[in-house]
Amino acid sequence: MQAKAFSDDQLVMEEINGADLLIQLIINEGVDVLFGYPGGAVLTIYDALYGKSIKHILSRHEQGSIHAAEGYARVTGKPGVVIATSGPGATNLVTGITDAMMDSLPLVVFTGQVASTVIGSDAFQEADVIGITTPITKHNYQVRDIKDLPRIVKEAFHIASTGRPGPVVIDIPKDICSQKIKLSAEVELQLPGYQPNYSPNVLQIKKLVEALAKAKKPVILAGAGILHSGATELLFEFATNNQIPVTNTLLGLGSFPADHPLFLGMAGMHGTYAANMALYETDLLINIGARFDDRLTGKLEHFAPHAMIAHIDIDAAEIGKNVETHIPIVADAKEALVKLLEEDIPQLAIEQWNEKLTQNKEQFPLWYSESGEEMSPQRLIELVHQYTEGNAIITTDVGQHQMWAAQYYHFSKPNRWVTSGGLGTMGFGFPAAIGAQLANLDQTVVAIVGDGGFQMTLQELAVVKEHHLPIKVVIVNNYSLGMVRQWQETFYEERYSYSKIPVQPDFIKLAESYGIKGVRVTNEEEAARVFTECLTDDSPVVIDCRVKQEENVYPMIAPGKGLHEMIGVKP
């Protein structure tokens with residue numbers, strides 16, 4: 001029988017099976033797009049989807065589904081929702097779930113499971129999804145009673161999108177989907193053990209203000225927490241009111257305008273000289289929404305060695321985990337900045353500090369060499385920025401092209417940068433672009449990918465064609481696993497062990513086989529012409545950009561070195 005309409009917090013219906021109930025619950029959570037791949041254990045769920053208004057995107061591999069959901073979540077802030085079948089369907093999601101966990105992306109993932117009666121018997125396509133995903137999720141559930149389904153779904157969406165966002169998995173045995181139920185009861189959130197702290201401790205805020213008043217060399221480190229909390233305008237106000245310089249983590253790019261005089265660039269392993277030296281010399285480091293990972297800090301004994309550390313983070317577990325913290329503030333970044341802006345902060349005497357940092361930016365900028373007819377990858381990224389006027393949503397895989405995009409595509413608006421940070425996932429960029437484009441159909445989305453990573457998920461070209469998504473795929477093609485090759489050159493005496501890719505598909509013919517335009521460029525003149533024609537139109541395109549194979553990403557902090565020991569810095 002058909003379910004009657006019911007509100008978000010109340011179920012009033014005639015008898016309904018678990019699958020129909022699940023779809024109605026998902027719709028009630030405001031979900032407008034599902035990413036998934038059907039299989040035996042979720043056939044009842046897919047039957048319930050038949051004819052529904054909610055948009056379902058059939059990926060060509062479950063990894064495509066999960067990364068697309070991540071891209072959607074990253075630019076919208078809403079949970080990306082994924083459905084996969086039991087066994088291999090669920091295990092194919094593991095990389096993306098881990099990626100989302102490390103980068104704090106809200107996902108709700110529904111996995112099919114064998115029938116309750118045979119769980120634990122090694123039934124066909126059975127996998128211990130709860131055991132596998134416990135270390136890589138914010139929370140997970142296995143539904144063992146259909147009566148629990150409304151509560152579990154409501155809790156899952158709440159947990160995924162509040163506090164520090166993250167993925168939640170719901171494992172559903174297939175017999176639960178077939179069972180019938182008649183409910184007439186309110187669904188209330190009762191999670192006494194889960195109460196994220198949004199408001200900062202006022203005394204800690206005052207301690208930070210006192211430290212700021214005394215500081216001679218303050219710097220703000222802005223991470224992705226600024227973006228997750230929607231605090232970019234408040235960050236701008238706080239920094240500019242007090243003339244405090246700002247640097248970003250990789251995932252924090254876009255939280256502060258890249259063209260502003262106070263911006264120092266990205267910090268960390270491939271960060272700018274100005275940003276890294278600011279972190280090394282600062283006497284007050286204000287970390288807002290970043291987790292002090294190793295690619296940011298370098299050797300810990302050389303990280304901000306003279307500084308008082310203030311750390312604002314909604315996840316208490318991150319404070320003091322890697323770097324000793326003197327002023328811990330467990331709070332949402334937005335709420336903390338609201339309180340800081342309410343404080344009476346005297347004018348800071350930091351003119352000399354800012355002058356020195358400005359000189360560092362001018363004397364030691366990012367650089368690259370132009371030589372011969374081969375196109376430099378750095379110039380390629382600059383052209384993408386130029387021909388999209390800096391307004392595109394940029395997605396990437398991981399590696400050299402990712403670092404060049406972070407360095408040379410100057411992000412001046414929030415939620416335009418979609419990349420795999422903590423896990424560093426090859427194959428992420430292209431399907432993430434699909435999710436980002438579905439969330440912003442009128443926005444230009446450019447997937448900047450390596451020739452290695454693109455080959456891991458290129459089957460999702462079928463999704464681009466099927467749904468008429470105008471995604472621009474820019475392949476930074478150096479016929480190698482570029483970052484692996486760079487490390488082998490720098491640290492392994494140029495022993496290039498299986499990092500070069502001598503055999504590749506013809507990416508132009510590949511694109512055309514899916515009914516998508518393909519173009520090859522080999523120099524700047526060709527790139528300028530193709531980008532003029534293709535980057536802002538309403539059709540998808542795959543652009544195979546041949547660049548220098550031996551080009552390296554600089555500056556660089558070698559493993560075991562401090563922020564002040566960068567190589568590849570050139571005045």
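Here the structure is a predicted model, which means the values were calculated and not measured.
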Will you find, in the side chains of Ser178 and Asn17, an N or O donor that is under 3.5 Å from an N or O acceptor? no

Are any side-chain N or O atoms of Ser480 and backbone N or O atoms of Lys500, one a donor and one an acceptor, separated by less than 3.5 Å? no

For the residue pair Asp544 and Val542, establish whether any side-chain heavy-atom pair is separated by less than 4.5 Å. no

Test item: His401 and Pro377 side chains (from C-beta on) under 4.5 Å apart, heavy atoms: no

Using modelled atom types only, decide if a donor and an acceptor are shared between the side chain of Asn440 and the backbone of Asp442 within a distance under 3.5 Å. no

Check whether any side-chain heavy atom of Ile45 sits under 4.5 Å from a side-chain heavy atom of Leu22, and report yes or no. yes

Taking the side chain as every heavy atom from C-beta outward, state whether Phe110 and Ile26 have any atom pair closer than 4.5 Å. yes

Pair Arg60 + Glu466: basic N to acidic O under 4.0 Å: yes

Under the side-chain contact (heavy atoms from CB on, under 4.5 Å) criterion, do Asn477 and Cys545 qualify, and how do the steps go? CA-CA 6 Å; Asn477 190 349; Cys545 303; 5.8 Å; no

Side chain to side chain donor-acceptor pair (under 3.5 Å) between Asn248 and Ser255: does it pass, once the steps are laid out? CA-CA 8 Å; Asn248 277 145; Ser255 63; 2.9 Å; yes

Determine the interplanar angle of the Tyr409 and Phe411 rings, folded into 0 to 90°, and report it as parallel if under 30°, tilted if 30 to 60°, perpendicular if over 60°. tilted

So which of Val168, Ile97, Asp171, Val169 actually passes side chain to side chain contact (heavy atoms under 4.5 Å, CB included) with Asn140? Val169

Is it the case that the side chain of Gln486 and the backbone of Leu481 share a donor-acceptor pair, with hydrogens and angles ignored and the cut-off at 3.5 Å? no

With a 4.0 Å cut-off, would you call Glu512 and Lys509 a salt bridge? no

Okay, side chain of Gln402, backbone of Gly424: is any donor-acceptor separation there less than 3.5 Å? no

So that I can tick it off, tell me whether Glu155 and Arg151 are bridged by a salt bridge, with the cut-off set at under 4.0 angstrom between side-chain N and carboxylate O. yes

Greater than 12 external heavy atoms within 6.0 Å of Lys334's NZ: no

For the residue pair His56 and Phe35, is the inter-centroid distance of their aromatic rings smaller than 6.0 Å? no

Do Met483 and Val553 touch side chain to side chain, with heavy atoms closer than 4.5 Å? yes

Check whether the side chains of Glu126 and Gln113 place a donor and an acceptor atom closer than 3.5 Å, and report yes or no. no

Please check: side-chain N/O of Asp175 versus main-chain N/O of Ser116, any donor-acceptor pairing under 3.5 Å? yes

So for atom NZ, which belongs to Lys321, do other residues, nucleotides or ligands contribute more than 12 heavy atoms lying within a distance under 6.0 Å? yes

Answer whether the closest heavy-atom distance between the side chains of Asp451 and Ile501 falls below 4.5 Å. yes

Applying side chain to side chain donor-acceptor pair (under 3.5 Å) to Thr396 and Thr419, what does each step give before you reach the verdict? CA-CA 5 Å; Thr396 77; Thr419 195; 2.5 Å; yes

Measure the acute angle between the ring planes of Tyr194 and His158, then classify it against the limits of 30° and 60° as parallel, tilted or perpendicular. perpendicular

Flag side-chain contact, heavy atom, 4.5 Å: Val81 against Glu29: no

Do Lys154 and Glu188 meet the salt-bridge criterion of a basic N to acidic O distance under 4.0 Å? no

Could you walk me through whether Ser539 and Asp537 pass the side chain to side chain donor-acceptor pair (under 3.5 Å) test, one step at a time? CA-CA 6 Å; Ser539 301; Asp537 66 11; 4.7 Å; no

Run the side chain to side chain donor-acceptor pair (under 3.5 Å) test on Asp397 and Ser420 for me, step by step, so that the C-alpha distance in whole Å, both residues' side-chain angles and the decisive distance to 0.1 Å come before the verdict. CA-CA 7 Å; Asp397 286 333; Ser420 174; over 6 Å; no

Between His311 and Phe292, is the ring centre distance below 6.0 Å? yes

Greater than 12 external heavy atoms within 6.0 Å of Tyr141's OH: yes

For the pair Thr325 (side chain) and Val323 (backbone), establish whether a donor and an acceptor sit closer than 3.5 Å, ignoring hydrogens and angles. yes

Test Ser104 against every option in Arg164, Arg291, His228 by the side chain to side chain donor-acceptor pair (under 3.5 Å) rule and name the one that passes. Arg164

Within the 4.5 Å heavy-atom criterion, are Ile448 and Val476 side-chain neighbours or not? yes

First locate atom CG of Leu510, then atom CD1 of Ile475, and finally report the distance between them rounded to the nearest 0.5 Å. 8.0 Å

